S.K.: 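The structure's right below; bear with me while I get my questions together.
Model, not experiment: these values are computed from the prediction.
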Number of protein chains: 2
Amino acid sequence: MNLKQLSQMLGLSQTTVSRALNGYPEVNRETRERVLKAVRETGYRPNKAAQRLATGKAGSIGLVMPTSPGNSSDVHFSEFLTGLGEEALRHDFHFVLTPADPNDEVGALKRLAASGNVDALFVNYMRGHDPRLEMLKTLSMPFLVHGRSIGSEPDYPFLDIDNEAAFYEATKLLLQLGHKRFALLNGPIYLDFAIRRKNGVEAALAERGLALDEACVSHTAMTDEQGLLVMERILQMEKKQRPTAVLCSSTVLALGAVRAINQAKLKLGEDISMIAHDDVLTLLKPENFTVPLTTTRSSLRSAGVRIAERLIGEIKRTETFPAQELWKAELIVRASTGVAPAD
Amino acid sequence: MNLKQLSQMLGLSQTTVSRALNGYPEVNRETRERVLKAVRETGYRPNKAAQRLATGKAGSIGLVMPTSPGNSSDVHFSEFLTGLGEEALRHDFHFVLTPADPNDEVGALKRLAASGNVDALFVNYMRGHDPRLEMLKTLSMPFLVHGRSIGSEPDYPFLDIDNEAAFYEATKLLLQLGHKRFALLNGPIYLDFAIRRKNGVEAALAERGLALDEACVSHTAMTDEQGLLVMERILQMEKKQRPTAVLCSSTVLALGAVRAINQAKLKLGEDISMIAHDDVLTLLKPENFTVPLTTTRSSLRSAGVRIAERLIGEIKRTETFPAQELWKAELIVRASTGVAPAD
DNA sequence: TCCATTCCTCAAAGCGCTTTGACTGCCCTC
DNA sequence: GAGGGCAGTCAAAGCGCTTTGAGGAATGGA
């Protein structure tokens, strides 16, 4: 069933039917109702490809889906996607997901934009001086960045959390509790958030004249497996030098790290304190850990909702948003942080 | 840059350029190379919407993305999506994701099909007597089901794992180890796989004249939280009646259940044995549990790859596949299963 | 020399929609 | 009764591509 058939059925022109459907004012109320009724009865749906061709708008947002084999950011990605989806549903938008070779994300993005399949682009997992930014700026298509790219001129629209402040505050709390030796289980060093979180930790330490021991810093994929391995390695250090405070970039890393701590028969919150960043994953709640985890919290899902909201608003040109948003993470104290043990 | 401009630039007709691009034989080799070179230089990409309109093919697969608030199947969903993406990438396909109100999945599917945005549909999280099946059959569009729908005529193309056999085998192993009282931490009862798994357990028990105590069966969302809660409840039973063997429908449930067991100071593999179904989630490996978990294993990601392969093959009409595939899960024995404790 | 054949190229139609600009009644005003 | 304004409708063009059916040039055989 297409417009032509529908309009013939109704004895109207395609123009009138189209206008009736799209809410133009110059259509008689009676006529409009007649059209709407017919649509309901026939189940007619406008062909999106044709609509897209005619209007240049497709009602869709383009995502490049990271697909490195073994890429395990997927819990975080999917949590975020859920948020995006929630909002998109309200506006009858959908997503076009292009899986991309991780070495060719710029290319994938370009192809997606040129395909005419999407109205706006979205990127995340930002790196330092991310090459995608330059490319996005040359495109005349709305885009939004989740995160930021350190080393690039901050002249692009983004939504990010204040990673530096979050880890600064977390470190400061641990310092106040008397901790002097710190470990940081971080995400891959090329990722912007990892760089900023490390900066935050170092800034807080520097205020006390302390420095982060590089031997106690890891940059790995954010899996529980890596968390376990790294923590095991760190726990093998001599007790006098071993960190008493651990910062984790994700509750997933923390999951593994806690297991290592348990296996070493150490007590979380007594022998070792831990603060993890909590993306509010449905799967993994810090309050459900055997020893509930102190966290810096910021919901990835809410970020998804907000990003969809902004992107869709921009496509519809209904609203103007502040181009750049920086969310504060909350520091939530639970049992995994305690006074530093006496040496 | 569009076809018209490109062909003018080259002094050729649109037809010739289009043919050169799409590999038609009647184009002079020289001409074709000239065209290809120009494409490379200008970065020309055919407009997908136009292509779609002209050919009726879009190079995309439609997914309905489950988005119930608090839906926590997302780890599993995302693992699967990764597999789909991996294969789609090889064929330059993409996905159109429509977020759907969980009460209107049929509607969302219908809209997606009618939108002309997709060449094939895919559905999962099948329920008993799933209403989506009837709808899909009326559509003249290839589709593939992940899972099956008990209670519906099995005359549709699907890929499923043999859930019943997997849980039958797992139960049998536990029976051989002397266990007599079983618990089952299952997914939502309306889901097909949950029904079949329960059937599998009951079939094995029935062979020994045993029955599953309904008080020891749970049907919950597959989160670690639920796993914890249910297991805590079960462990409060009087010791004489308390199950010594636990089957979990997911390693995620097992994660919570194990925590409950630890908190109760019970030893996994000694006081209580456990077998979980392992979807091979990147996040959660059963071998990394403090006591490595015995599992029935079947990779969700591989299923994704295979499904994309079949769907794309069908769209391109290059290959015909067996319409229905049933994969066997492997039973992998680790330390979480041991001889039943003496009463 | 002419025609048949092969190889390459082209103009034009069509996919299903939106949108422009024109048209038809009709009512109102002067 | 002529002219203007308005509400409602329409035919046709255009979005960027593929594909059909036809045409032109070169080659070879009769």
S.K.: Whole angstroms only, please: what is the CG-C1' distance between A:Leu53 and D:dG16?
M.R.: 5 Å

S.K.: Nearest whole angstrom, please: distance from the C1' of C:dT9 to the CD of B:Gln8.
M.R.: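 So the two atoms are 16 Å apart, to the nearest Å.
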
S.K.: Please determine if B:Arg148 and B:Asp160 form a salt bridge, counting it only when a charged side-chain N lies under 4.0 Å from a carboxylate O.
M.R.: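 Yes.
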
S.K.: Between C:dT18 atom C1' and A:Asn47 atom CG, what is the distance in whole Å?
M.R.: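 Interatomic distance, CG of A:Asn47 to C1' of C:dT18: 13 Å.
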
S.K.: Taking the side chain as everything from C-beta on, heavy atoms only, tell me whether A:Ile61 gets closer than 4.5 Å to A:Leu121.
M.R.: no

S.K.: What integer distance in Å separates B:Asn28:CG from D:dA26:P?
M.R.: 13 Å

S.K.: Report yes if a side-chain nitrogen or oxygen of A:Ser18 is closer than 4.0 Å to either non-bridging phosphate oxygen (OP1 or OP2) of C:dT18; otherwise report no.
M.R.: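 A:Ser18 to C:dT18 OP1/OP2: side-chain N or O found under 4.0 Å.
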
S.K.: Is the phosphate of D:dT18, meaning OP1 or OP2, less than 4.0 Å from a side-chain N or O of B:Gln51?
M.R.: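 So the side-chain polar atoms of B:Gln51 do come within 4.0 Å of the phosphate oxygens OP1 or OP2 of D:dT18, strictly under.
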
S.K.: Send over the distance from B:Gln5 CD to D:dC17 C1', rounded to a whole Å.
M.R.: 14 Å

S.K.: Between B:Arg34 and B:Glu30, does any side-chain N to carboxylate O distance fall below 4.0 Å?
M.R.: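 No.
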
S.K.: Can you tell me which nucleotide in C:dT9, D:dT18, D:dT9 comes closest to the side chain of B:Leu3?
M.R.: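 Closest nucleotide to the B:Leu3 side chain: D:dT18.
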
S.K.: Tell me whether the centres of the aromatic rings in A:Phe158 and A:Phe143 are closer together than 6.0 Å.
M.R.: no

S.K.: May I ask you to verify if any side-chain N or O of A:Ser13 is less than 4.0 angstrom from the OP1 or OP2 atom of D:dA11?
M.R.: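 So the side chain of A:Ser13 is outside the cut-off, no N or O lying under 4.0 Å from OP1 or OP2 of D:dA11.
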
S.K.: Look at the side-chain N and O atoms of A:Tyr24 and state whether any lies under 4.0 Å from the OP1 or OP2 oxygen of D:dT9.
M.R.: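 A:Tyr24 to D:dT9 OP1/OP2: no side-chain N or O under 4.0 Å.
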
S.K.: If you only use heavy atoms from C-beta on, which nucleotide in C:dC17, C:dA12, C:dT9 is closest to the side chain of B:Thr15?
M.R.: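 Nearest listed nucleotide: C:dA12.
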
S.K.: How close or far is atom C1' of C:dC15 from atom CD of A:Gln14, stated in whole angstroms?
M.R.: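 Answer to the nearest Å: 12 Å.
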
S.K.: Nearest to the side chain of B:Asn22, which nucleotide is it out of D:dT18, C:dC10, D:dC15?
M.R.: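 Nucleotide nearest to B:Asn22's side chain: D:dT18.
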
S.K.: For B:Thr16 and B:Ser13, which I'm curious about, is there any donor-acceptor pair between the side chains at under 3.5 Å?
M.R.: yes

S.K.: A:Lys4 has an atom NZ; how far is it from atom P of D:dA11, in whole Å?
M.R.: 12 Å

S.K.: Whole angstroms only, please: what is the CG-C1' distance between B:Asn2 and D:dG14?
M.R.: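 It is 12 Å, rounded to the nearest whole Å.
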
S.K.: Just N and O in the side chain of B:Thr55: are any of them under 4.0 Å from OP1 or OP2 of D:dT19?
M.R.: no

S.K.: Tell me which of A:Pro46 and B:Val17 sits closer to the 5' end of DNA chain C, going by the nucleotide each one is nearest to.
M.R.: B:Val17

S.K.: B:Arg19 side chain: which of C:dT9, C:dG16, D:dT9 is closest?
M.R.: C:dT9

S.K.: Any side-chain N or O of A:Tyr44 below 4.0 angstrom from OP1/OP2 of C:dG16?
M.R.: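 False: A:Tyr44 side-chain N/O out of range (4.0 Å or more) of C:dG16 OP1/OP2.
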
